[in-house]
Amino acid sequence: MHRVYLKPGKEESLKRFHPWVFSGAISHIEGTPEEGDLVEIYTSKEEFIAKGHYQIGSIAVRILSFHEEEVIDDAFWQRKLRIAYEMRQHIGLTDRPDHSTYRLVHGEGDNLPGLVIDIYGHTAVMQAHSVGMHCCRKQISDALIQVMNGTIQNVYYKSETTLPFKADLGAENVFLAGGSQENIALEYGLKFHIDWAKGQKTGFFVDQRENRALLERYAHNRDVLNMFCYTGGFSVYALRGGARTVHSVDSSAKAVELTNQNVRLNFPEDTRHTAYAEDAFKFLDQMSDGQYDLIILDPPAFAKHRDALRNALQGYRKINVKALEKIRPGGILFTFSCSQAVNKDQFRTAVFSAAAMTGRSVRILHQLTQPADHPVNIYHPEGEYLKGLVLYVE
Ligand code: SAH
């Protein structure tokens, strides 16, 4: 196997089980690994420290194992997936009659950097974020079907947009197993159409599940604005929670259509809901003071990279000012950031300055994050990406 040798002292983070090797930490490579190949990592003192998938870029190796004797074969994938599945069983997300969707594999959080698998009923949607995981896709798909004891018959591979463009892998979105068109998933008793072929991410924002459930508790008799609604997840929960009216807004007409579809699926005759295809900033500018007393702001990642951080923080401040200015007294704001480049404190500071600009009295009721099926590897705190605040505005 190819060997990657680290510069002196650069093994420290690996000794603490951090799952990446940055290209700057490498002294030299023995052999000529291609992108996606397995490599072994050695310290400058020629001691084995880990093995993983090699890739060209700032993260040069994503670690699969810290054990020299561990072989990356079919049994390895089965073992890893079984561990991930058992965790979801233990936290009560599997085998429920009212619930059929959860994240089975969350990259580094499940010690499988570069791999994401979401479950929607009998279909698993798999995304590779590294060339190594792309190369292993068939093995992983086979292992998945084995491990899931017949509950998964279809594996849809959706990596067209998640793999490094430069690697030029020509990855297509295809079924690696089965081929079902049945695409309605149940989340805590609510039905959602999952468009895994054309939708964002794996078709649904599984990561907002617990936050949607919390919103339901606050929705009774409220006038709700769900900004950046996408599939309408928050809207459907608000309707079940007894909201008086629910308005959903997204700049994408396709998202508005998905939201309407999901509302109809759950509440066919309900007249409380309206969806608008409109830009968020424009809508927030034009809405009247006090029109809503429950507002959700769940924008796309404003900062995809570190260098976009300043603009992103300004963006968060701007939309939060608009919502905080106009929310009815006694109103509740659910505000989120899913940018990995923005940390919890930076987000909180942006929302804090927004509140200060409006001069209103604002209290934090909840501090939210990603749910348990999106675990954070304790050795990889960067994996904590979803941040939310629930604010009570006097
Ligand atoms: N809250 C959603 C996920 C939001 S994803 C859920 O729970 O599923 C972000 C959404 O913001 C996308 O659907 C995207 O179309 C929309 N969006 C992006 N820029 C926008 C803008 N300027 N105005 C309104 N919507 C926007």
Side-chain angles (χ1 to χ4, degrees), residues 101-103 118 120 125 161 183 185-188 190-196 198-216 218-219 224-241 243 246-263 265-266 273-287 292 294-304 308 311-312 314-323 333-340 342 368-371 373-374 385-390:
T101 173
Y102 57 90
R103 176 155 293 192
D118 284 339
Y120 300 113
V125 181
T161 56
N183 62 351
L186 273 174
E187 187 184 84
Y188 292 155
L190 292 166
K191 294 183 209 128
F192 291 97
H193 270 290
I194 312 295
D195 188 356
W196 49 68
K198 296 196 206 75
Q200 299 180 47
K201 296 220 216 179
T202 61
F204 193 54
F205 281 63
V206 184
D207 58 358
Q208 286 287 24
R209 177 187 62 243
E210 302 304 327
N211 302 331
R212 292 191 271 261
L214 178 68
L215 176 102
E216 181 177 357
Y218 288 111
V224 181
L225 171 63
N226 180 12
M227 185 55 77
F228 308 98
C229 62
Y230 184 38
T231 57
F234 283 103
S235 309
V236 174
Y237 277 79
L239 289 166
R240 188 169 70 178
V246 179
H247 290 172
S248 306
V249 180
D250 201 291
S251 55
S252 141
K254 178 89 184 98
V256 165
E257 193 186 312
L258 277 171
T259 295
N260 281 329
Q261 214 179 29
N262 284 328
V263 168
L265 198 59
N266 292 280
H273 178 257
T274 318
Y276 303 89
E278 186 75 85
D279 174 71
F281 292 91
K282 198 165 155 209
F283 192 95
L284 290 167
D285 271 338
Q286 290 174 354
M287 74 188 192
Y292 302 104
L294 180 54
I295 299 182
I296 303 112
L297 297 177
D298 184 23
F302 282 164
K304 292 233 159 72
N311 283 345
Q314 270 170 14
Y316 288 120
R317 201 179 61 214
K318 223 165 116 185
I319 51 165
N320 280 283
V321 167
K322 288 181 195 285
L333 174 65
F334 276 64
T335 182
F336 295 97
S337 161
C338 60
S339 307
Q340 196 139 10
V342 173
L368 307 177
T369 181
Q370 62 221 52
D373 53 343
H374 294 58
Y385 69 100
L386 184 63
K387 301 152 292 282
L389 292 169
V390 181

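In each ligand, atom 1 is the first atom listed, and ligand 1 is the first ligand listed.
Residue-level contacts of ligand 1 at the 4.0 Å heavy-atom threshold are Gln200, Phe205, Arg212, Phe228, Cys229, Tyr230, Thr231, Phe234, Asp250, Ser251, Ser252, Glu278, Asp279, Ala280, Asp298, Pro300.
Ring planes of His247 and Tyr276: perpendicular class, angle over 60° (limits at 30 and 60°).
Looking at Asp118 and Lys201, no side-chain N of the basic residue comes within less than 4.0 Å of a carboxylate O on the acidic one, giving no salt bridge.
Every residue meeting the side-chain hydrogen bond (donor to acceptor under 3.5 Å, both in side chains) condition with Asp373, not counting sequence neighbours, appears here in chain and number order: Arg209. Partners of Thr231 by side-chain hydrogen bond (donor to acceptor under 3.5 Å, both in side chains), not counting sequence neighbours: none found. Partners of Arg317 according to the side-chain hydrogen bond (donor to acceptor under 3.5 Å, both in side chains) rule, which considers only residues two or more places apart in sequence or in another chain, do not exist here.
Aromatic pair Phe336/Phe234: centroids less than 6.0 angstrom apart.
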